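These numbers come from a predicted model, not from an experiment. Just so we're on the same page: letters track the sequence lines, and every chain starts at 1. Only this structure's heavy atoms are used, side chains among them; waters, hydrogens and symmetry mates stay out.
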Amino acid sequence: MPENNHRTALYTALAQVPPGRVLTYGQLARLAGRPGAARWAGSVLRQLPEHSQLPWHRVLNAAGRLSLGPGSAGQLQRQRLQDEGVIFTGERVDLTIYGWPPQAV
DNA sequence: GTTCTGACCTGAA
DNA sequence: ATTCAGGCCAGAA
């Protein structure tokens with residue numbers, strides 16, 4: 001069953017993201033070898049265990065906003081990102097600056 | 001089998 | 001900038 005394999009690929013890709021950098025669900029799915037499976041990436045992160053050391057907080061939606069509601073998890077995500085030096089312009093993060101991988105120019 | 005739902009994305013109006 | 005519709009993938013009812 002390749003499902004597990006893809007999930008592992010997603011974990012690996014996510015683990016490569018350095019502190020202070022963020023990526024979108026779509027990019028994460030693409031790095032996991034599944035372009036277009038952004039929702040799938042979200043479901044994987046949702047089922048992620050709490051004791052996981054993966055930087056799940058570095059994943060935002062394409063708009064640069066937190067896809068978690070204003071719950072405790074959302075607060076935690078924002079807190080951790082700010083601790084890493086990510087600056088929020090309002091409720092949004094500039095992906096052209098903090099995006100990962102770096103903007104291909 | 002169909003239908004809904006969700007830590008989503010893109011393009012068009 | 002905001003709203004809408006269509007497309008994506010997977011799991012639950």
Side-chain angles (χ1 to χ4, degrees):
Chain A
M1 44 185 90
E3 312 290 332
N4 199 328
N5 213 351
H6 286 133
R7 211 174 62 227
T8 303
L10 187 151
Y11 290 154
T12 304
L14 180 55
Q16 307 288 326
V17 181
R21 290 287 185 167
V22 298
L23 40 56
T24 69
Y25 295 90
Q27 289 182 340
L28 186 56
R30 181 162 52 78
L31 291 177
R34 279 209 142 163
R39 292 191 109 138
W40 164 77
S43 68
V44 171
L45 294 184
R46 182 169 206 259
Q47 298 165 11
L48 203 60
E50 297 209 7
H51 53 74
S52 175
Q53 313 229 333
L54 290 172
W56 56 269
H57 56 280
R58 295 179 193 143
V59 185
L60 310 175
N61 60 27
R65 294 174 177 274
L66 309 186
S67 284
L68 287 108
S72 59
Q75 294 284 333
L76 175 63
Q77 180 175 21
R78 178 163 180 156
Q79 185 65 56
R80 290 183 76 173
L81 285 176
Q82 288 184 338
D83 285 348
E84 293 181 352
V86 176
I87 299 176
F88 281 73
T89 55
E91 292 296 318
R92 219 168 72 231
V93 172
D94 193 339
L95 296 176
T96 68
I97 298 178
Y98 301 103
W100 184 264
Q103 210 175 18
V105 188

Look at all strands and tell whether A:R92 reaches a base, only sugar-phosphate, or nothing, counting heavy atoms closer than 4.0 Å. sugar-phosphate

Single-linkage hydrophobic cluster [X]~[Y], side-chain heavy atoms < 4.5 angstrom:
X	Y	value
A:V17	A:L45	yes
A:L28	A:W100	yes
A:Y25	A:L48	yes
A:V59	A:W40	yes
A:L95	A:L23	no

How close or far is atom C1' of C:dC8 from atom CZ of A:R30, stated in whole angstroms? 15 Å

Mind calculating the distance between CH2 (A:W40) and P (C:dG11) to the nearest angstrom? 10 Å

Identify, between A:R65 and A:A37, the residue whose nearest nucleotide on DNA chain C lies closer to the 5' end. A:R65

At their closest point, which heavy atom of A:L68 faces which heavy atom of A:A73, and how far apart are they? CD2-CB, 3.4 Å

Closest approach of A:L66 and A:G74, non-hydrogen atoms and distance? CD1-O, 3.7 Å

Within the structure, does a side-chain N or O atom of A:R34 lie under 4.0 Å from either OP1 or OP2 of C:dC8? no

Write out the stems for DNA chain B, ordered by first number and formatted as range with range, counting runs of at least 3 consecutive Watson-Crick or G-U wobble pairs under 3.5 Å. B:2-6 with C:9-13, B:8-13 with C:2-7

Using distance only, find each side-chain donor-acceptor pair of residues 78-88 of chain A under 3.5 Å and give its atom names and separation, not counting sequence neighbours.
unit_1: A:R78; atom_1: NH1; unit_2: A:E91; atom_2: OE1; d: 2.8
unit_1: A:R78; atom_1: NH1; unit_2: A:E91; atom_2: OE2; d: 2.9
unit_1: A:Q79; atom_1: NE2; unit_2: A:D83; atom_2: OD1; d: 3.3
unit_1: A:E84; atom_1: OE1; unit_2: A:G20; atom_2: N; d: 3.0
unit_1: A:E84; atom_1: OE1; unit_2: A:R58; atom_2: NE; d: 3.0
unit_1: A:E84; atom_1: OE2; unit_2: A:H57; atom_2: NE2; d: 2.9
unit_1: A:E84; atom_1: OE2; unit_2: A:R58; atom_2: NE; d: 3.2
unit_1: A:E84; atom_1: OE2; unit_2: A:R58; atom_2: NH2; d: 2.7

With a 4.0 angstrom cut-off to heavy atoms of chain A, pull out the first and last contacting nucleotide of DNA chain B, in 5'-to-3' order. B:dG6 to B:dT10

With P as the reference atom in both, quote the distance from C:dG6 to B:dA7 in angstrom, rounded to an integer. 23 Å

